[in-house]
Number of protein chains: 2
Amino acid sequence: MTDGPVHPTATAVSALRPLPLSDVRLTNGFLGDWQRRNAVRSLPYCVGQLDAAGALVNLRRVTGEADGAFENMWFADSDVYKTLEAAAWQLGSTPDDAELRTFVDTTGALLAKAQDEDGYLNSYRMLVEPDQRWTKLHRSHELYCAGHLIQAAVAAARAGVGAEVVTVARRLADLVVERFGTTDAVDGHPEIETALVELYRVTGHEPYLAQARRFLDLRGRGLLDGERFGPAYLQDHRPVREVTEVTGHVVRQLYLLAGMVDVAVETHDDELMAAAHRLWDDAFGARTYVTGAQGSRHRDEAFGDPYELPPDRAYGETCAAIASFQWNWRMLLATGEPKYADEMERALYNVIAGSTALDGTHFFYSNTLHLRTGHDGSHEDAPSGRLPWYSCACCPPNLARLLASLSGYAATTDHSGLQLHLYAAGTIQTTVDGVEVRAEVRTDYPWDGRVVVALTTDAPLTLSLRVPGWAPAALLDGAPAEVTDGYVRVRRDWSAGATVTLDLPMRPRTVRPHPRIDAVRGCVALARGPLVYALEQADLPEGVTLEDVRIDPAADIVPGRLPDIPVTLTTSGTVERPSSGELYPTEVEPTGEPVELTAIPYFLWGNRTPGPMRVWIPVTTG
Amino acid sequence: MTDGPVHPTATAVSALRPLPLSDVRLTNGFLGDWQRRNAVRSLPYCVGQLDAAGALVNLRRVTGEADGAFENMWFADSDVYKTLEAAAWQLGSTPDDAELRTFVDTTGALLAKAQDEDGYLNSYRMLVEPDQRWTKLHRSHELYCAGHLIQAAVAAARAGVGAEVVTVARRLADLVVERFGTTDAVDGHPEIETALVELYRVTGHEPYLAQARRFLDLRGRGLLDGERFGPAYLQDHRPVREVTEVTGHVVRQLYLLAGMVDVAVETHDDELMAAAHRLWDDAFGARTYVTGAQGSRHRDEAFGDPYELPPDRAYGETCAAIASFQWNWRMLLATGEPKYADEMERALYNVIAGSTALDGTHFFYSNTLHLRTGHDGSHEDAPSGRLPWYSCACCPPNLARLLASLSGYAATTDHSGLQLHLYAAGTIQTTVDGVEVRAEVRTDYPWDGRVVVALTTDAPLTLSLRVPGWAPAALLDGAPAEVTDGYVRVRRDWSAGATVTLDLPMRPRTVRPHPRIDAVRGCVALARGPLVYALEQADLPEGVTLEDVRIDPAADIVPGRLPDIPVTLTTSGTVERPSSGELYPTEVEPTGEPVELTAIPYFLWGNRTPGPMRVWIPVTTG
């Protein structure tokens, strides 16, 4: 049995319990195919890039196996650790992958060799300014890297692989506890907090939990040099229990929030949990894109002001979406509230899915919602298409570790039964209160709204099926379903095996922005099920510029298909060419001519002819 | 006679000739009062800050008069030079200012003492890494600082003050020519180009002009390390004669363009001039805010993509607006086309005027068009109000030098007569083709559209009065005026003295954005004359949030006044509170209640109770 990512202890506050990773198998279907693509394409590609782009070479320089000066980002060790974590999760599902096992074992041996006698391990600091250990935590990412090593070790321990990685990580964790148990310090980039709690969950060693809590409570006390972007960028402007708004660097904020929930549920800390709830309301009430992306500013990779959500300059870092998914999962486990699963779904099917090309080896780091006509995509900060790698390569291995552990996020149990949160073709074989349960899920979700669950178990059990927030209603076995707290709950005697059919309505819809989102005023987005759609230049008639297209929000929206795109949406609009070349005319009287508009799922954009794209479409003014 | 900034030689291509600074006096009126505020408040304040903030101290460290390590930005010498330039222009108008003269003389002596034997001068490089002179030009700003010293010397030479400054600058300029006359190198931050041309104009020394041209022609040839933001950020991606779009860091781009025009007019280089025209069309056709601000991105202080003009994240650096003003002035002199004067006026009365508080000692660096409710103004990158100084203090002394030389930009002459471009109460005493002309201008512009010009001269002369692009028509002496190429041209016998009255229509108007400016779709701005208006939270009824306000674009707009605000604009709108708290609802049915809206001139925002502000107002949806 392989426990998955985030596995609260038996005494933790946890409305729902995660299923062991090995209890869920995703078969042919959207999520299963994606997970397989990760296993056969993206993960091996990341492993190869660790050598090609140099992250592994730095560790070999520490051991003397390689020459030359440190290269790559100063926190590139974390690329190695995230890839290790991905490999461990993957081996939990496919233990016979010899190449992956070799990668884990040889990397574990390398880490053991590189590790200092006292347990210290950070290739940048060991090769560059070795006398400055732990002295520049506002930017050194030493504890951040340590956290990712620990998370790799947690995955390895749960998957029963890479014993050497676990040993190395524990020695480093022990050093962290020894070094920071009495010294007041925090890291500029959170990650160590959630990692230490997970290590506590694996080992039962309470000092890890205590240290995580200590790192949380020392935040906001001026221990960090705010440097260029100020303390709010580092979430160090106020104590974590007092904050009311998400601030600064999005990934840092969200990793910190994951750690806050982890500590809160393990220590029954209501105050800390209340802070997480406040920040969730702020983040998802005023600072999240319709694709689930977060981070409105390229300058400091930051949340912006409330409702500051420019589609063309959306930063929406891939890592931030992964962090949001992981934070929401923790909130879902703690509370059982479906809104967290809704946000996991929104991010997964839109921004996270869109971050990777269909070939599995090209990625977006920032995830725009509008690629302008005339866009200068020469810089990797905002490229015109997915790139094979990045100078800061945090995202691809982060995707790999998420996808390798994806089956762990689909379902949960509680004393009453089994809950399905993410719909995917697959099988579940688990126990609920000691009773064996076997479920088979058949669905073509998200392309189709029908989810068929065949369930067998010897004791009465409630099967809870999530009805997403975007669905106004649902059918159960063909009849209108009663939805309780966001779930259709089916309590039955399943001993002879029984099948239930959930139908979610897949009628295409238009989505409107909150009136305070100035940047997309007068626009609508198209959506169907969990998928947000986008217009691409490639689907427009020749001579029509994407920016001149307007949509008729009252027109019918008709599903169709294109090669490699199972469901397109077609509707009517106009082409409104500006009557004046003036930038600020006193009158604008555009001329409109009808045009048929075909939208594709946002996540598939940029996989055909490269060109402009937009999610938010201005409505006709005529 | 003190020539003003930008004084083409007699053989330069120049449709219009600038007037000597000393020929124009601004008296009581908008521009005259502003210039006086600069002289008595802002400029002395800048002089004081050179000591208080440490820029001058670095130079004293070079001479051994001060201890300690270099502090401040590595290009802080330029703050000293821009303040020196401002002082020189100011002494051209008020030569009896003893304190200012002392500042110029003591600083000149300090520079002479700090200057190396070979002419080199840069306090950062001399104190830090002295062996790295000229080796890191992509970011060292050594030639940029040299350029500002040269511009200070040009002002000193024209004003007949600060002989030592002139000597120091010439020695440095000679070193630059010696060092870079055969070595291929350019500076990451343009400025040296326009400075060398101006020094050539003062001295007649042709190698300065040749070197300026050489620096231009070496751009775009890969000589610079693109570093973090790439070569387009530094305008080094393509040769200057081939570029078709403005790119990258706005101030760098605009200073480079000033140098391009300077070289083009002095060397009769049509190709270079054509490139400047292309970039002008691009900058003012697709990348300029309604306030005249430029620069849509905080990340790299850059022009964005075409039509990427977010009001809330407008960068709109004050220095960029000053650079735009100076570039447009060069284009105006070269061509005589009024569109350049229109852009000077737009920038001057809106973004440049707004950059400084009424107290003359608080400044904006970035100039937003929308301060959101809930804005986090804790960082000086986007503060909620004007700040007394900045860690990068380029803007305040730049304002000081512009304002001290402002009278040089109001009028021009050509063989046929006198042209007035910027309307301001004042007097002009000059010669046109050797004939003395005296003009007195009486006006309360921009509050009032009446401009009365009393003119006396012995020969027939054409008085040309600019009719701004925002004015649909004009009256001359009460009758509809014929407007030729943007000017009302009055040719008369003025020998007995004559008075003409121009009336520009000051009816309030709504301005619309080009349909491709997505960020302000469905909004209008209010304007009157050259002034753009803004709504401030301070003028809204209690309980009404600025973001909920909508304007009725068909309603009457009525001028009024408030304390310290000569002309307000009042009109009708609604308060539309969102019916749903959802960030992405499928329906939005706002409820509207009527509200009276009072707008104030944009440039005056933030001078009363601090709070949210917006230029672009969404129109009612009801």
Side-chain angles (χ1 to χ4, degrees), chain A residues 229-233 237 245 247 284-286 288 290 296-300 304-308 310-313 370 372-376 378-379 381 470 509-523 525 547-548 576 578 580-588 590 616 618 621, chain B residues 229-233 237 245 247 284-286 288 290 296-300 304-308 310-313 370 372-376 378-379 381 470 509-523 525 547-548 576 578 580-588 590 616 618 621:
Chain A
F229 297 127
Y233 168 81
H237 57 308
E245 295 183 337
T247 65
F284 292 94
T288 302
V290 72
S296 308
R297 296 184 181 175
H298 281 241
R299 172 177 172 270
D300 45 0
D305 287 336
Y307 306 104
E308 179 192 319
D312 50 354
R313 287 296 281 171
H370 182 187
R372 290 182 166 280
T373 300
H375 174 63
D376 172 7
S378 64
H379 199 281
D381 175 66
W470 53 259
R509 64 191 190 278
T510 54
V511 176
R512 285 168 165 74
H514 189 288
R516 285 195 185 175
I517 308 178
D518 296 275
V520 292
R521 186 181 313 290
C523 295
E547 271 75 12
D548 292 341
E576 296 186 0
S580 153
E582 271 185 272
L583 201 49
Y584 300 106
T586 47
E587 289 298 332
V588 179
W616 290 102
T621 55
Chain B
F229 296 127
Y233 168 81
H237 58 308
E245 296 184 334
T247 65
F284 292 94
T288 302
V290 71
S296 308
R297 297 184 179 175
H298 281 242
R299 171 176 173 271
D300 46 0
D305 288 335
Y307 305 104
E308 179 193 319
D312 50 354
R313 287 296 281 171
H370 181 187
R372 290 182 166 280
T373 301
H375 175 64
D376 172 7
S378 64
H379 199 280
D381 175 66
W470 53 260
R509 64 190 190 280
T510 55
V511 176
R512 284 166 166 74
H514 189 288
R516 286 196 182 173
I517 308 178
D518 296 276
V520 293
R521 186 182 314 289
C523 295
E547 271 74 12
D548 292 341
E576 296 186 1
S580 154
E582 272 185 272
L583 201 49
Y584 300 107
T586 47
E587 288 300 331
V588 179
W616 290 102
T621 56

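Ranked by heavy-atom pairs shorter than 4.5 Å toward chain B, the options Gly522(A), Ser378(A), Pro306(A) are led by Pro306(A). Interface remark: of the candidates His298(B), His379(B), His370(B), His379(B) forms the most heavy-atom pairs closer than 4.5 Å to chain A. Taking chain A as the reference chain and counting heavy-atom pairs below 4.5 Å, the highest number among Thr247(B), Asp376(B), Thr373(B) is found for Asp376(B). Here Arg313(A) is the residue among Arg313(A), Arg509(A), His237(A) with the most heavy-atom pairs under 4.5 Å with chain B. Interface summary for chain A: among Pro310(B), Ala525(B), Cys523(B), Gly285(B), the most heavy-atom pairs under 4.5 angstrom belong to Gly285(B). Ranked by non-hydrogen atom pairs under 4.5 Å with chain B, the options Glu245(A), Glu547(A), Arg512(A) are led by Arg512(A). Looking only at heavy-atom pairs under 4.5 Å with chain A, the residue among Asp312(B), Asp381(B), Val511(B) that has the most is Asp381(B).
Between Asp300(B) and Arg297(B), none of the side-chain N atoms (NZ, or NE/NH1/NH2) sits under 4.0 Å from a carboxylate O, so this pair counts as no salt bridge. Salt bridge Asp305(A)/Arg372(B): absent, no basic N to carboxylate O contact under 4.0 Å.
Only the side chain of Trp616(A) comes within contact range of chain B, with heavy atoms under 4.5 Å apart. Both the backbone and the side chain of Thr288(A) come within contact range of chain B, each with at least one heavy atom under 4.5 Å from a heavy atom of that chain. With a 4.5 angstrom heavy-atom cutoff, Tyr307(A) touches chain B via backbone and side-chain atoms both. Heavy atoms of Leu583(A) lying under 4.5 Å from chain B belong to its backbone as well as its side chain.
Summarising the geometry of Pro585(A) relative to His514(B), their closest heavy-atom pair is CD-N, 4.1 Å, with the distance given to 0.1 Å.
Side-chain atoms of Tyr584(A) come within 3.5 Å of backbone N or O of Val290(B) as a donor-acceptor pair. Checked by atom type and distance alone, the side chain of Asp518(B) never pairs as donor or acceptor with a backbone atom of Glu308(B) at under 3.5 Å. With hydrogens and angles disregarded, a donor-acceptor distance shorter than 3.5 Å links the side chain of Arg521(A) to the backbone of Pro515(A).
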